[in-house]
Amino acid sequence: MEIDSDSLERLVPDRAAPWGVTGSKTLALHLQRYAFALEHAKPGRLLDAACGVGYGTRLLSDQAPGVEAHGIDISEQTIAYARKRYGNAATHFTWADALRFNDPEGFDTIVSLETIEHVPDPPALVAHLLTLLRPGGVFVASVPTTPTTDVNPHHLHDFTQKSFRHMVEAHGLEEIASTQQVHSVNPLTMLTRKEARLSDVRRGLVRYYLSHPASLARRVGATLRYGFSIHYLTVAWQSPSDPAA
């Protein structure tokens, strides 16, 4: 089955539109997050959970000293593409559900970028990934911190900076660095679907807001505060060196 590069779910660099906020600008933001992860990755085994087509996994493998990178994704077609396009001796890809994936060796670094908002139970995903993190390891994750669930039906949860940090730090990890990003959007080109990768953007927003008034309230509040933009937070945390700490 062909990868749907017109979907909000799959960013394929080789097919990314050179224009618009959902094309090259989105790719640039993703690469910046991976560059941030690169700064904090530890030598050893690295897991890229929900790696997509694998471009970020390969970047980490190529540029992080002493790293062997393992990417996993729930899409079999995506993993097949990643193996063919980005796999090499130090970059491995496995078809797996991040919530059920296990590896007895564990990982020195775990990266999960723009993943947590997609799953039905984000705390369960975080808790499971942290069982795979070796003592003293680094966990790098990112989420949108302005509303997205109203527009993107693949996003199941909205986060604030506070709720995101609390979810991870409840497990005893310590924040070591963070970075914020702002992605300005043009509501006209989005609503008229003149952007790329909008094949699955939510339709019938009026009906959605009528049945989800809390989502409408979040959207109005975020627009009044931030305008037409999406904010993202990426954080690097370190686990205790002593697993009993």
Side-chain angles (χ1 to χ4, degrees), residues 7-11 13 16-17 19-40 48-50 52 55-56 110-119 122-123 125-126 129 138-170 173 175-191 193-198 200-202 205 208-209 212-237:
S7 169
L8 288 170
E9 282 295 89
R10 289 286 171 250
L11 180 57
W19 48 268
V21 298
T22 61
S24 59
K25 291 182 180 180
T26 294
L27 177 59
L29 290 173
H30 280 266
L31 290 173
Q32 289 170 14
R33 293 178 200 123
Y34 274 109
F36 174 83
L38 176 65
E39 293 177 11
H40 302 286
D48 187 7
Y55 61 93
I110 296 178
V111 176
S112 185
L113 303 178
E114 303 306 299
T115 304
I116 297 170
E117 67 274 16
H118 290 254
V119 301
L125 174 62
V126 169
L129 290 177
V138 170
F139 179 58
V140 182
S142 69
V143 296
T145 55
T146 50
T148 59
T149 56
D150 53 347
V151 175
N152 188 339
H154 300 291
H155 287 191
L156 305 182
H157 300 274
D158 289 323
F159 291 93
T160 65
Q161 293 189 22
K162 182 178 179 180
S163 66
F164 178 47
R165 285 184 161 107
H166 175 74
M167 182 173 57
V168 177
E169 291 164 13
L173 276 70
E175 181 175 331
I176 55 177
S178 68
T179 185
Q180 298 182 51
Q181 296 169 300
V182 178
H183 194 183
S184 297
V185 299
N186 184 329
L188 182 60
T189 60
M190 296 289 285
L191 291 173
R193 299 177 183 270
K194 293 182 179 180
E195 289 280 349
R197 298 178 58 240
L198 293 183
D200 45 7
V201 72
R202 191 183 301 282
L205 269 177
Y208 178 82
Y209 286 138
H212 297 79
S215 182
L216 175 60
R218 288 195 296 271
R219 171 58 60 195
V220 171
T223 303
L224 290 174
R225 184 173 181 183
Y226 300 114
F228 296 107
S229 63
I230 307 170
H231 289 226
Y232 299 90
L233 176 65
T234 309
V235 181
W237 290 274

Interatomic distance, T148 atom OG1 to H183 atom NE2 [nearest 0.5 angstrom]: 13.0 Å
Under the side chain to side chain contact (heavy atoms under 4.5 Å, CB included) rule, what do E117 and N152 come out as? Steps first, then yes or no, please. CA-CA 11 Å; E117 67 274 16; N152 188 339; over 6 Å; no
So, the side chain of T115 versus the backbone of S112: is there a donor-acceptor pair under 3.5 Å, distance only? no
Is there a donor-acceptor contact under 3.5 Å from the side chain of H166 to the main chain of K162? no
How many angstroms lie between CZ in R165 and OG1 in T160, if you round to the nearest 0.5 Å? 10.0 Å
S184 side-chain N/O to S229 backbone N/O, donor-acceptor pair under 3.5 Å: no
Just checking, any donor-acceptor pair under 3.5 angstrom between side chains of S215 and D150? no
Could you tell me the separation between the CZ atom of F164 and the CG atom of L233, rounded to the nearest 0.5 Å? 6.0 Å
Go through it in stages, so that I can follow the logic: the residues are V119 and L156, the test is side chain to side chain contact (heavy atoms under 4.5 Å, CB included), and I'd like the CA-CA distance, side-chain angles, deciding distance and then a yes or no. CA-CA 6 Å; V119 301; L156 305 182; 5.8 Å; no
May I ask you to decide if the ring planes of F159 and H157 are parallel, tilted or perpendicular, using 30° and 60° as cut-offs? tilted
Which distance, rounded to the nearest 0.5 Å, do you find between the CH2 of W237 and the OG of S178? 9.0 Å
Could you check if a side-chain atom of I116 sits within less than 4.5 angstrom of a side-chain atom of M167, using non-hydrogen atoms only? yes
Which class fits the ring pair Y55 and H30: parallel under 30°, tilted 30 to 60°, perpendicular over 60°? perpendicular
Are V182 and Y226 side-chain neighbours, meaning at least one heavy-atom pair lies under 4.5 Å? no
Indicate yes or no: at least one non-hydrogen side-chain atom of V151 is less than 4.5 angstrom from one of R202. no
Specify the closest pair of heavy atoms between P147 and D158, including all atoms of both residues, with the distance to one decimal. CA-OD1, 3.5 Å
Any donor-acceptor pair under 3.5 Å from T179 side chain to T234 backbone: no
Step through it carefully: locate the ring centre of H40, locate the ring centre of F36, and say whether they are under 6.0 Å apart. yes
Between T223 (side chain only) and R219 (backbone N and O only), is there a donor and an acceptor less than 3.5 Å apart? yes
Measure the CD-CD1 distance between E39 and I176 for me, rounded to the nearest 0.5 Å. 10.5 Å
NE2 of H212 to OG1 of T149: how many Å apart, nearest 0.5 Å? 8.5 Å
Set out, in order, the CA-CA distance, both residues' side-chain angles and the distance that settles side chain to side chain contact (heavy atoms under 4.5 Å, CB included) for Q181 and H231, then state yes or no. CA-CA 6 Å; Q181 296 169 300; H231 289 226; over 6 Å; no
Distance to the ring centre below 6.0 angstrom and angle to the axis at most 45 degrees; does that hold for R33 and Y232? yes
